[in-house]
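Letters A, B, ... mirror the listed sequences (proteins, then strands); counts begin at 1. If you're wondering where the values come from, they're calculated on a predicted model, not measured in any experiment.
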2 protein chains.
Amino acid sequence: MQDRNAQQPTQINIEASIVSGILSARIRPGTRLGESQLATLFDVSRTRIRESMMRLETRGIVTVSPRRGWFVVEPSAEESMKVYEARRIIEFGLLRNLSTVSEQDLEILARHLQEEKLAIAKGDRQRLTCLMGDFHIRIAEIAGNEIIVETLRDLTARTILISMLYQSDFHAQESHDGHCRIFEALQEGDFNAAAELAIRHLDEVETGLDLTHRPDPLSDLRNSLSLPPLSSEPKE
Amino acid sequence: MQDRNAQQPTQINIEASIVSGILSARIRPGTRLGESQLATLFDVSRTRIRESMMRLETRGIVTVSPRRGWFVVEPSAEESMKVYEARRIIEFGLLRNLSTVSEQDLEILARHLQEEKLAIAKGDRQRLTCLMGDFHIRIAEIAGNEIIVETLRDLTARTILISMLYQSDFHAQESHDGHCRIFEALQEGDFNAAAELAIRHLDEVETGLDLTHRPDPLSDLRNSLSLPPLSSEPKE
DNA sequence: CGTGTCAGCTTTGTATGCAAGATAGAAATG
DNA sequence: CATTTCTATCTTGCATACAAAGCTGACACG
């Protein structure tokens with residue numbers, strides 16, 4: 001995020017900084033992204049920050065509240081389900097339409113899984129979050145379709161925000177196992193199975209969330225009339 | 001498209017105007033979209049036009065050539081194949097993940113097919129182009145996932161641009177038949193078959209293109225030398 | 001006749017300025 | 001003491017201004 005020394009941080013850099021901040025779970029959902037704040041941080045004028053924000057808005061990463069500011073999205077339970085559904089749709093189609101996977105690609109995936117294992121062993125949760133998302137992007141990259149890669153990257157960013165909001169505990173091992181199963185299916189060239197496994201994996205992750213729990217019960221209170229607060233803060 | 005009388009055409013209106021212009025095949029690929037030109041057309045300042053352009057750029061609808069201007073994208077043969085591939089992936093996953101289709105939804109599709117038939121009978125090619133694209137969006141709407149709907153809408157816009165570039169003749173009847181077959185499969189609740197049919201349909205449409213034929217034989221040269229693309233007239 | 005150069009005109013890129021909305025905290029009032 | 005109102009301040013929304021770069025066409029020259 002510190003591109004301060006770069007002479008000309010282009011809009012793409014600014015966007016990438018924020019997205020990577022989210023992918024690595026350093027930026028929490030609901031974070032306020034003040035225009036002038038970012039402007040001084042990146043040492044550019046507000047204009048360019050605004051342009052980046054607009055781009056991120058169309059990518060579903062931030063929202064603007066009129067005259068109040070830009071915020072990293074806080075997906076509602078419904079939106080979260082839509083995100084997972086969209087991922088199931090795309091990843092299923094992706095794997096099913098695969099015809100071959102090169103040795104090289106399998107190598108990349110194998111190395112990735114190794115890294116996941118390492119992160120689990122070290123208990124590096126932040127790195128793990130990042131890796132878990134990256135696995136799916138890797139698969140999209142194997143398919144070689146940039147359009148799908150981009151779409152999936154943005155959905156993954158949202159997924160990470162969702163997990164920061166609703167994930168009670170992080171079944172890392174379970175997720176890792178899911179990835180391994182998909183890898184094995186790919187290794188055997190059984191793309192049908194891989195696709196089914198991907199759906200099952202995403203279902204597992206989704207059911208691991210507590211989508212009934214409101215992370216910010218006050219948002220209800222602000223909007224509608226009095227409603228009893230559910231429970232305590234979901235602080236890590 | 002004439003929001004001139006609307007007091008405050010919001011960015012979303014501006015974007016929608018251009019996208020709908022593309023979806024209805026009134027705006028050709030490579031059309032130059034001058035900032036000041038659009039600014040006077042919509043009666044807003046260049047700032048807001050620029051913001052809309054940035055948004056459209058992230059949606060893959062327009063590109064900017066530095067200091068030269070904004071242009072509606074002219075997908076290359078490779079990009080075109082990627083677009084069709086992405087559509088196959090998404091639409092396949094979409095149909096496969098469907099579990100039920102309500103009577104109401106079937107009704108909507110049936111009416112849509114009726115309209116297609118009418119347009120074929122009347123030989124209204126522009127309307128037909130629009131309808132052909134819309135069919136796929138309708139299906140996404142049935143699935144009820146806005147994320148997928150938006151993605152598919154943008155891909156459809158690009159598809160229409162592609163067909164304007166590479167389509168020699170418009171096998172409208174063939175496309176319509178493809179839609180009908182998908183509809184029948186949905187009617188019978190056979191989502192597996194519907195998904196396979198969708199892939200076949202998209203393949204047919206894609207092979208109906210002449211992706212080896214360069215509409216602008218100089219485009220290679222132009223791109224490699226970063227010359228301006230073929231600019232037809234801006235809107236009307 | 002072809003080619004290179006330069007002035008001016010046009011168009012985008014970026015910054016800045018100002019207005020309007022929103023928030024928070026103080027002050028006033030019951 | 002609680003509640004409301006008002007003002008000070010901050011933040012975004014939008015327009016405008018100016019700088020930088022590209023394009024055009026005239027003109028000079030080989």
Whole-Å distance between [N] [atom2] and [X] [atom1]?
X	N	atom1	atom2	result
B:Arg46	C:dT11	CZ	C1'	7 Å
B:Asn13	D:dC14	CG	C1'	16 Å
B:Arg48	C:dT14	CZ	P	21 Å
B:Glu51	C:dT12	CD	P	15 Å

Output all residues satisfying side chain to side chain contact (heavy atoms under 4.5 Å, CB included) with [X], sequence neighbours left out; order by chain, then residue number.
X	answer
B:Ile142	B:Val101, B:Asp105, B:Leu109
B:Thr129	B:Ala25, B:Arg125, B:Ile160, B:Phe170
A:Ser80	A:Pro75, A:Ile162, A:Tyr166, A:Leu211

Note to self: Any residue in residues 56-66 of chain A with a heavy atom nearer than 4.0 angstrom to DNA chain C? Just list them by number, or reply none.
What the structure shows: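 The stretch gives A:Pro66 as the residues lying under 4.0 Å from the strand, ordered by number.
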Protein-nucleotides 9-11 of chain D N/O pairs under 3.5 Å:
from	atom 1	to	atom 2	distance (Å)
D:dT11	O3'	A:Arg32	NH2	3.2

Next item on the list: State whether a side-chain donor-acceptor pair under 3.5 Å links B:Thr58 with A:Arg59.
Entry: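 B:Thr58 vs A:Arg59: no donor-acceptor pair found between side chains.
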Next item on the list: Under the ring pair (Phe, Tyr, Trp, His ring centres under 6.0 Å) rule, collect the residues that match up with B:Phe135, sequence neighbours excluded.
Entry: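 Expected list: B:His112, B:His179.
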Next item on the list: Specify the closest pair of heavy atoms between A:Asn145 and A:Ile147, including all atoms of both residues, with the distance to one decimal.
Entry: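 Of all heavy-atom pairs spanning A:Asn145 and A:Ile147, the closest is OD1-N, 3.0 Å.
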Checklist line | Smallest separation among heavy atoms of A:Arg46 and A:Ala39, with atom names | finding: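 What the structure gives for the nearest pair is N-CB, 4.0 Å.
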Note to self: Under 4.0 Å from OP1 or OP2 of D:dC14: is there any side-chain N or O of B:Thr47 that close?
What the structure shows: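 For B:Thr47, the contact criterion (side-chain N or O under 4.0 Å from OP1 or OP2 of D:dC14) is not met.
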Item checked: Side-chain N or O of A:Arg50 closer than 4.0 Å to phosphate OP1/OP2 of D:dG13 ->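 Yes, within the criterion.
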Item checked: Salt-bridge criterion met for A:Arg55 and B:Glu57 (N-O under 4.0 Å) ->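 Looking at A:Arg55 and B:Glu57, the cut-off is met.
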